[in-house]
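A short write-up of the structure that comes next.
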Amino acid sequence: MSTFYITTPIYYANGEPHAGHAYTTIAADALARYHRIKGDDVFFLTGVDEHGANIDKTAEKEGLTPQTFCDKLAPIFTQLWERLNISNDIFLRTTSDLHKRGIKKFLTALYESGDVYKAPYEGYYCRPCERFFPEKELTDEKICPIHKLPLEWVKEENYFFRLSKYQDRLLQHYSDNPDFVHPESRRNELLNVLESGLEDTSISRSSVSWGIPLPFDPKHIAYVWIDALPNYITALGYDADSENYRTFWPANVHMMAKEITRFHAILWPAMLMAADLPLPKQIIAHGWLTKDGEALSKTRGIFIDMDGDIAKYGVDSFRYYLLREFSFGNDGDYRPSRLHQRYNADLANDLGNLLNRVLGLVNKNFDGIPEPTTPGEFDDEVKEMAQTTTEKLDAHMKSFAFDSALETIWEFVRRVNRYVQQTEVWTLAKPETKPRMGTILYNSLEALRYVSVLLSPFIPETAEKIQKQIGLTEFDTVAEWGHLPVDLKVSRGEPIFPRVDLKKEKTPQPKEAEKPKKKTKAQESNLISFAEFQKLDLRVGSVISAEQVQGADRLLKLQVDLGTEKRQVVAGIAEHYKPDVLVGKQVIVVVNLEPATIRNVESHGMILAAGDDSVVLVSPETDVQLGTQVR
RNA sequence: GCCGGUGUAGCUCAGUGGUAGAGCGCACGACUCAUAAUCGUGCUGUCCGGAGUUCGACUCUCCGCACCGGCACCA
């Protein structure tokens with residue numbers, strides 16, 4: 001028996017889980033379940049990453065200690081996984097003792113490898129990012145490009161990991177293991193990064209308090225990624241060299257969304273090399289979800305309504321849609337209308353109706369499942385197709401093509417529908433043809449049982465419902481033709497996927513009223529005085545002209561009329577605003593910001609905008625006189 | 001701007017140097033066991049644009065456009 005260890009990332013617990021988390025976890029769950037029915041010894045990990053300054057900060061905003069905050073949030077994740085039928089074997093929290101013991105051992109091993117060194121470090125630091133900004137990334141204002149906050153000049157002793165040393169070994173590993181990173185496009189990107197050189201990376205933060213102290217110097221706290229990545233071994237009981245650890249490490253699959261492949265495919269393997277531990281076999285990156293063509297965005301209120309869609313179509317339909325519709329690895333556009341189509345066409349019509357019609361015929365004509373006494377036309381074809389379906393399915397699962405995997409199963413479902421049609425089984429109730437009828441119905445039910453086994457990794461609840469209606473009391477996971485016993489009492493129940501007709505229920509939509517933004521009384525510790533606020537000179541200006549800055553995708557060069565003067569301002573909004581729509585627009589300008597030169601273009605001020613992943617310009621509600629002060 | 005990818009039926013996508021494919025949707029027909037389900041048949045395409053190689057290109061080469069991703073950039 002082979003073993004199979006699969007992980008999702010441990011999700012950063014500074015907010016509630018969303019559809020992106022669900023997507024990764026459902027895909028991992030499908031793989032885990034698939035390997036279980038194949039007889040592998042499976043261990044499936046998911047969890048939460050609970051340390052770091054961001055969580056500390058979010059907790060503080062809510063008026064909680066970080067530990068209390070995490071204790072509140074972790075169950076929200078586990079409850080979602082229960083609802084989605086996720087079959088994880090462990091839910092790891094980085095605040096757990098198990099993890100802390102493991103980290104202690106791992107970091108000690110890393111330290112003893114000689115590839116950790118202490119170096120004084122001073123430089124510009126962004127607290128929310130928890131990182132220093134190297135000289136080349138600095139600009140005149142010394143502001144963090146992500147958080148727009150002033151960088152602090154921080155002097156601290158930090159520990160570094162000699163990542164640079166592992167460049168060659170990593171490159172070698174990539175070339176020896178072409179499947180190490182999947183899909184290939186990600187692999188190529190990482191190869192580029194590797195070839196262009198690695199820098200040593202700092203692994204500790206002395207300015208952060210919420211985390212795990214370095215075992216060899218407890219005044220320093222481990223950097224969140226250094227704390228988080230080893231969870232994949234600590235969860236197995238690496239600290240005590242437990243049986244799980246010896247059985248399951250190295251992992252077969254680390255599954256994740258594409259934005260964190262670097263940490264997993266470069267930093268983590270290098271750390272393992274240093275600690276002299278085996279590397280995971282495959283790093284699998286999938287794409288992002290969009291919603292009706294738009295990027296998900298908290299600020300713009302674009303999100304996937306998991307609760308609503310699950311309530312309407314059921315958990316399995318949600319799982320089915322995510323896995324069937326998108327080619328893993330590529331970004332996928334989540335469209336409720338497509339979910340609806342998939343539901344009716346695939347689940348209700350093809351599968352649900354097939355089960356229902358076959359059970360109806362058995363019920364009406366036999367006491368239990370009839371014996372297949374009378375072979376005939378098409379029987380062998382169906383039987384053989386069951387076998388080839390299994391083989392094709394396996395190939396698709398090996399390449400993480402869940403969409404093709406499900407399509408393959410559906411080809412078989414359609415074949416069975418055709419079988420029922422071709423044999424016209426409902427016409428065979430006469431005494432002389434009844435044995436043939438029984439045989440066809442047996443084959444059809446066996447095909448459905450077989451299908452339920454193949455489907456169980458993807459839509460486990462449905463698989464069980466199918467077998468229950470067929471009359472099996474315990475779930476049969478054997479994908480071998482002929483396993484279905486005769487004489488079982490079938491129990492044709494309600495259709496497993498009742499059609500959902502959109503027209504009939506016109507109006508149950510408006511329930512999705514905007515969730516009221518959680519009012520979290522900011523217990524601001526970093527308040528500024530009114531005097532400090534007054535230093536800001538904000539004024540209303542009007543955009544006279546706008547053009548793209550040469551060689552920069554995000555930058556626009558704006559000429560702004562402030563009434564008394566005109567200013568040239570560079571703004572990083574090109575991805576969200578076309579130059580010509582800006583002309584004539586009133587905007588708020590920070591007038592007394594020191595000038596800067598960005599990509600050879602001078603900027604005298606800054607335009608206010610809201611948002612992080614998407615950007616919306618701030619503008620007076622009605623036009624006001626140019627130069628009006630904002631306060 | 002640099003590097004990489006993609007661009008095929010209304011939608012999601014597969015595909016090959018030699019007359020264009022699947023599923024969904026749509027139209028028509030068959031059937032009536034079944035959830036207005038199933039089965040069959042059919043329809044639509046300048047296979048992104050242009051040039052080139054070739055007897056012949058959707059498939060190869062070059063140029064361009066659009067979109068996506070990585071890097072740079074975000075005052």
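Convention: sequence-line order gives letters A, B, ...; per-chain numbering from 1.
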- Query: Donor-acceptor pair, A:Asp394 side chain versus A:Thr390 backbone, under 3.5 Å?
  - Reply: no

- Identify which nucleotide among B:A22, B:C73, B:U35 has an atom closest to any side-chain atom of A:Glu407, counting heavy atoms from C-beta outward. B:A22

- Query: With sugar-phosphate meaning primed atoms plus P, OP1 and OP2, does A:Val193 contact a base, only sugar-phosphate, or nothing at under 4.0 Å between heavy atoms?
  - Reply: nothing

- In whole angstrom, what separates A:Lys434's NZ from B:C33's C1'? 14 Å

- Closest to the A:Leu555 side chain: B:C73, B:U38, B:C33? B:C73

- Message: I want to check one thing: is the phosphate of B:G10, taken as OP1 and OP2, less than 4.0 Å away from some side-chain N or O of A:Arg338?
- Response: no

- Message: Ignoring hydrogens and geometry beyond distance, is a side-chain donor-acceptor pair present between A:Arg357 and A:Asn417 at under 3.5 Å?
- Response: yes

- Indicate whether the side chain of A:Tyr334 and that of A:Asp309 have a donor and an acceptor atom separated by less than 3.5 Å. yes

- Message: Tell me which nucleotide, if any, is Watson-Crick or G-U wobble paired with B:C74 when both distances must be under 3.5 Å.
- Response: none

- Note on the structure: Between CG of A:Leu347 and P of B:G23 the distance, given in whole Å, is 18 Å

- Message: Strictly below 4.0 Å: does A:Asn349 bring a side-chain N or O up to OP1 or OP2 of B:U38?
- Response: yes

- Counter-base of B:A57, judged by Watson-Crick or G-U geometry with both distances under 3.5 Å: none

- Check the surroundings of atom NZ in A:Lys383: do more than 12 heavy atoms from other residues, nucleotides or ligands lie under 6.0 Å from it? no

- Item | Between B:C33 (P) and A:Leu448 (CG): distance, integer Å | 19 Å

- Query: Considering only the C1' atoms, how many Å lie between B:G7 and B:G56, rounded to the nearest integer?
  - Reply: 24 Å

- Message: Taking atom CD as the centre, does A:Glu602 end up with more than 12 heavy-atom neighbours from other residues, nucleotides or ligands that are less than 6.0 angstrom away?
- Response: no

- Message: Is a donor from one side chain sitting under 3.5 angstrom from an acceptor on the other, for A:Gln629 and A:Asp537?
- Response: yes

- Within less than 4.0 Å of OP1 or OP2 of B:A36, is there a side-chain N or O belonging to A:Arg499? no

- Look at the side chain of A:Glu189 and decide which nucleotide, out of B:G69, B:C33, B:U35, has an atom nearest to it. B:G69

- Task: Please state how far atom CD in A:Glu424 lies from atom C1' in B:A34, giving the value in whole angstrom units.
- Result: 15 Å

- Message: Need the pair for B:A37. Rule: Watson-Crick or G-U wobble, both distances under 3.5 Å, any strand; none if unpaired.
- Response: none

- Whole-Å gap separating P (B:A14) and NZ (A:Lys392): 17 Å

- Task: Choose from B:C24, B:U35, B:U38 the nucleotide whose nearest atom is closest to any side-chain atom of A:Asn356.
- Result: B:U35

- Message: Can you tell me which nucleotide in B:A34, B:G23, B:G70 comes closest to the side chain of A:Arg186?
- Response: B:G70

- Per atom distances to the A:Asn192 side chain, the nearest of B:U35, B:G23, B:C3 is B:C3

- Item | Nearest-neighbour nucleotide for the A:Lys258 side chain, B:G69, B:C31, B:U35 considered | B:G69

- How close or far is atom P of B:C74 from atom CD1 of A:Ile607, stated in whole angstroms? 16 Å

- What is the distance from CZ of A:Phe326 to P of B:C13, rounded to the nearest Å? 9 Å

- Task: Please evaluate the base of B:U38 for a donor-acceptor partner in the side chain of A:Gln421 within a cut-off of under 3.5 Å?
- Result: yes

- Taking CG from A:Asn344 and P from B:G23, how many angstroms apart are they, rounded to a whole number? 19 Å

- Counting heavy atoms from C-beta on, name the nucleotide in B:C24, B:U38, B:C33 closest to the side chain of A:Leu361. B:C33

- Task: Look at the side chain of A:Arg262 and decide which nucleotide, out of B:C39, B:G69, B:G70, has an atom nearest to it.
- Result: B:G70

